[in-house]
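Following: one structure in structure tokens, then a few remarks.
Position 1 is the first residue of the sequence; numbering continues from there. Side-chain atoms are counted along with the backbone in the values below, which use heavy atoms only and exclude waters and symmetry mates.
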Amino acid sequence: MTRVFVSADMASVALGADEVAAALSGRGARVMRTGSRGLFRIEPLVEVETAAGRIAYGPVHPDEAAAVLDGTHPNRIGLIEEHPFFSRQQRFTFLRCGVIDPLDLDDYAAHGGWSALDAARARSPQAVVDEVKESGLRGRGGAGFPTGIKWQTVLDAEAAEKFIVCNADEGDSGTFADRMLMEGDPFCLIEGMAIAAHAVGAGRGFVYIRSEYPFAIRTMQAAIMRAAPRIAPLALEVRVGAGAYVCGEETALLDSIEGKRGQVRAKPPLPAIAGLFGKPTVINNVLSLAAIPFIIAQGAAAYAKAGFGRSRGTMPIQLAGNVRNGGLFEAGFGITLGELVEEVGGGTESGRPVKAVQVGGPLGAYFPPSMFHLPFDYEAFTAAGGLIGHAGITVFDDTADMARMARFAMEFCAHESCGKCTPCRIGSVRGMETIDRIAAGGRAAPGTVEALPQMRNATPRARSRAEEIMLLRDLCDTMKFGSLCALGGFTPYPVLSALDHFPEDFGSLAAPLE
């Protein structure tokens, strides 16, 4: 019986993978469901096991099952590892994704699973923490804080109870790496959490997943149940969030797990000192924890060898928006933005010129093609007024209106703000109003206080576009440095970058529109 592999990843299923799997099964094939390889243009992807290796075909329609099995399907890719999208990757974290059955413990072990946990438990907690420090791993959720330093703080904390929390509240638009990992290789995340628990002395852990990820929730719950004897004495459970963007911030997430409204906590104390239920807590992103098994099994030096400058290891980069090759591309830091967009991404799907790319989710900066020389590196992006964040790249062609995109950033912040601090709660609303006035040529937009002089007992002077833009920049400065968390603090990034790189989309900067 021919064995074939079809992804059960949520994106693949949305593109018809279940129907393709059923059609292949109906033709007598033995169908194995895996995670996604990560290139959505070729999904539903079918890989057929042969003596020469797994031969891939994609995209495949359910009516084409017979052609796949007899090798005559026109969309023959060949060995998937030789496809240009995959051959230039460095897959450390996603090595098994798309290869194994996500819920088969034996399959995971056959591909190197659990060896890192066994190696870690044979060493002292301090030795494990030192290995993570030496690797140079930094938080993959956006902040880029050294993971080993966070673990050291929790290890040194004196407490009868400690916790491990995985932040799987992947809320950035155009990002999906956390979801793909949890659906395609959940034991990798579980093993990483078990190693972290050994390293800091934690006995209980939580995986916090947003409710919009039903496949990931179901897969993680099943994987935790099957892995429970293997990771004992660590006890893990899944907690489902209601989808609030602010719960991606670690302290708001902790409040949510505790059954409270998700609001940002003032720091200090840091979660590493007083986190979940007031106890020392390691809270890391999915990709941070999933990198741990490779580091422990292969050694810190092997991990640190990849990368650029202070940004060590690999980053699973997500390409989305108006791009031909949308999907997940894992590579070492240092690859340029231009390589990612033009070579790996293949340019725009529309075929029109690239106007801008947004890196780091809805609160990331917009970069024009003139900045495509930037290396994908934390320090380089910070120096350029941007951030890597969760490594989502959204591509826009030359039809995009960047003034509207800047307004969307303020609108997004206003909608998602937890409301605890004034710069975020009020500043985002004032930001929308200011951008509306800029679009109106400097006049007060209808319905605003400025447009209703009877409410002010005075007739206000309409500010010019230039004055409104100065006011918007000042507002961004207040939000950036006065907000309690990164939601309000990062909202200025897309606004200021749009102003700096695409001033023509904000109209003339001359005198007031008459």
Yes or no on side chain to side chain donor-acceptor pair (under 3.5 Å) for Asp178 and Tyr213, after CA distance, side-chain angles and deciding distance? CA-CA 10 Å; Asp178 291 357; Tyr213 280 177; over 6 Å; no
Audit row: Lys150, Glu250, salt bridge (Lys or Arg N to Asp or Glu O under 4.0 Å) steps and yes/no: CA-CA 13 Å; Lys150 185 180 288 189; Glu250 59 183 15; 3.8 Å; yes
Start with the C-alpha gap between Thr314 and Gln90, add the side-chain angles, then the distance that decides, and say whether side chain to side chain donor-acceptor pair (under 3.5 Å) holds. CA-CA 7 Å; Thr314 63; Gln90 291 175 280; over 6 Å; no
Does the side-chain contact (heavy atoms from CB on, under 4.5 Å) test come out yes or no for Tyr366 and Val357, once each step is laid out? CA-CA 5 Å; Tyr366 293 103; Val357 295; over 6 Å; no
Given side-chain contact (heavy atoms from CB on, under 4.5 Å), test Glu416 with Leu487 step by step and report yes or no. CA-CA 8 Å; Glu416 296 292 348; Leu487 175 55; 4.3 Å; yes
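In this structure, Arg33 pairs ionically with Asp18, as a charged nitrogen and a carboxylate oxygen lie closer than 4.0 Å. The pair Arg179-Glu170 does not count as a salt bridge, with every side-chain nitrogen at least 4.0 angstrom from each carboxylate oxygen. The pair Glu349-Arg41 does not meet the salt-bridge criterion, since no charged nitrogen lies less than 4.0 angstrom from a carboxylate oxygen. Note on Arg123 versus Glu131: salt bridge recorded, some NZ/NE/NH1/NH2 to OD/OE distance being below 4.0 Å. Between Arg37 and Glu47 there is a salt bridge, since at least one side-chain N of the basic residue sits less than 4.0 Å from a carboxylate O of the acidic one. Taking 4.0 Å as the cut-off between side-chain N and carboxylate O, Lys279 and Glu161 count as a salt-bridged pair.
Side-chain polar atoms of Glu191 and Tyr108 form a donor-acceptor pair below 3.5 angstrom. No hydrogens or angles considered: a donor-acceptor pair under 3.5 Å links the side chains of Ser12 and Ser7. Neither side chain, Glu237 nor Gln221, offers a donor N or O lying under 3.5 Å from an acceptor on the other. Between Gln89 and Ser87, the side chains place no donor N or O within less than 3.5 Å of an acceptor N or O (distance only, hydrogens not considered). Counting only N and O atoms by type, the side chains of Glu339 and Thr336 include a donor and acceptor under 3.5 Å apart. There is no side-chain donor-acceptor pair under 3.5 Å between Asn284 and Asn167.
The nearest pair of heavy atoms linking Gly334 to Phe308 is CA-CB, 3.5 Å. The two residues Met315 and Phe376 make their nearest non-hydrogen contact at CG-CE2, 4.2 Å. Here the shortest heavy-atom pairing between Ile295 and Tyr303 reads CG1-CG, 3.6 Å. Taking all atoms of both residues into account, the shortest heavy-atom contact from Trp151 to Val129 is CB-CG2, 4.2 Å. Between Met479 and Pro492, the shortest heavy-atom distance links the atoms CB-CG, 4.0 Å. Residues Gly35 and Pro102 come closest through the heavy atom pair N-CG, 4.0 Å.
Judged by distance alone, with hydrogens and angles left aside, the side-chain atoms of Asn75 form a donor-acceptor pair with the main-chain N or O of Pro59 at under 3.5 Å. Remark: side-chain polar atoms of Thr153 are not paired, donor with acceptor, to backbone N or O of Ala272 under 3.5 angstrom. A donor-acceptor pair under 3.5 Å links the side-chain atoms of Thr175 to the main chain of Asp172, judged by distance alone. Listed for the Ser497 side chain is a donor-acceptor partner under 3.5 Å among the backbone atoms of Tyr493.
If you take CG on Asp185 and CZ on Arg96, they are separated by 4.5 Å, rounding to the nearest 0.5 Å. Once rounded to the nearest 0.5 Å, the distance linking CZ of Phe490 with CG of Leu387 reads 5.0 Å. The distance from the CG atom of Leu363 to the SG atom of Cys413 is 7.0 Å, given to the nearest 0.5 Å. The line from CZ of Arg324 to CD of Glu342 is 13.5 Å long, rounded to the nearest 0.5 Å. In this structure, Asp377 CG and Thr382 OG1 are separated by 8.0 Å, a value rounded to the nearest 0.5 Å. Atom CG of residue Leu137 and atom CD1 of residue Ile292 lie 5.0 Å apart, to the nearest 0.5 angstrom.
Side-chain contact between Ile335 and Phe329 is present, with heavy atoms from C-beta onward closer than 4.5 Å. Considering only heavy atoms from C-beta on, Arg226 comes within 4.5 Å of Leu103 through its side chain. Two residues are said to be in side-chain contact when any heavy atoms from C-beta on lie closer than 4.5 Å; Arg30 and Thr2 fail this criterion. Taking 4.5 Å as the limit, every side-chain heavy atom of Gln152 sits out of range of all side-chain heavy atoms of Val200. Contact annotation: the side chain of Tyr208 approaches that of Ser256 to within less than 4.5 Å [non-hydrogen atoms, C-beta and beyond]. Counting only heavy atoms from C-beta outward, the side chains of Gln358 and Phe396 approach each other to under 4.5 Å. For the pair Asp9 and Phe215, the minimum side-chain heavy-atom distance is 4.5 Å or more. Side chains of Leu328 and Phe94 form a contact here, defined as non-hydrogen atoms less than 4.5 Å apart.
Partner of Phe176 under the side chain to side chain contact (heavy atoms under 4.5 Å, CB included) criterion, out of Gln318, His390, Met10: Gln318 alone. Paired with Leu39 under the rule side chain to side chain contact (heavy atoms under 4.5 Å, CB included), one option of Asn325, Leu319, Ile80, Leu45 passes, and it is Asn325. Checked against Glu249 for a salt bridge (charged side-chain N to carboxylate O under 4.0 Å, His left out), the options Arg265, Lys267, Lys420 give a single hit: Lys267.
Ring-plane geometry between Tyr378 and Phe333 is classed as tilted, the angle between the planes lying from 30 to 60 degrees on a 0 to 90 degree scale. Ring geometry, Phe412 versus Tyr245: the interplanar angle exceeds 60°, so the pair is classed perpendicular (tilted spans 30 to 60°). Aromatic ring orientation, Phe367 versus Phe381: perpendicular (interplanar angle above 60°, classes split at 30° and 60°).
Shown here is Lys305, whose NZ atom has no more than 12 heavy atoms of other residues, nucleotides or ligands within 6.0 Å. Around CZ of Arg3, the count of heavy atoms belonging to other residues, nucleotides or ligands within 6.0 Å exceeds 12. Counting heavy atoms of neighbouring residues, nucleotides and ligands inside a 6.0 Å radius, atom CZ of Arg121 exceeds 12 of them.
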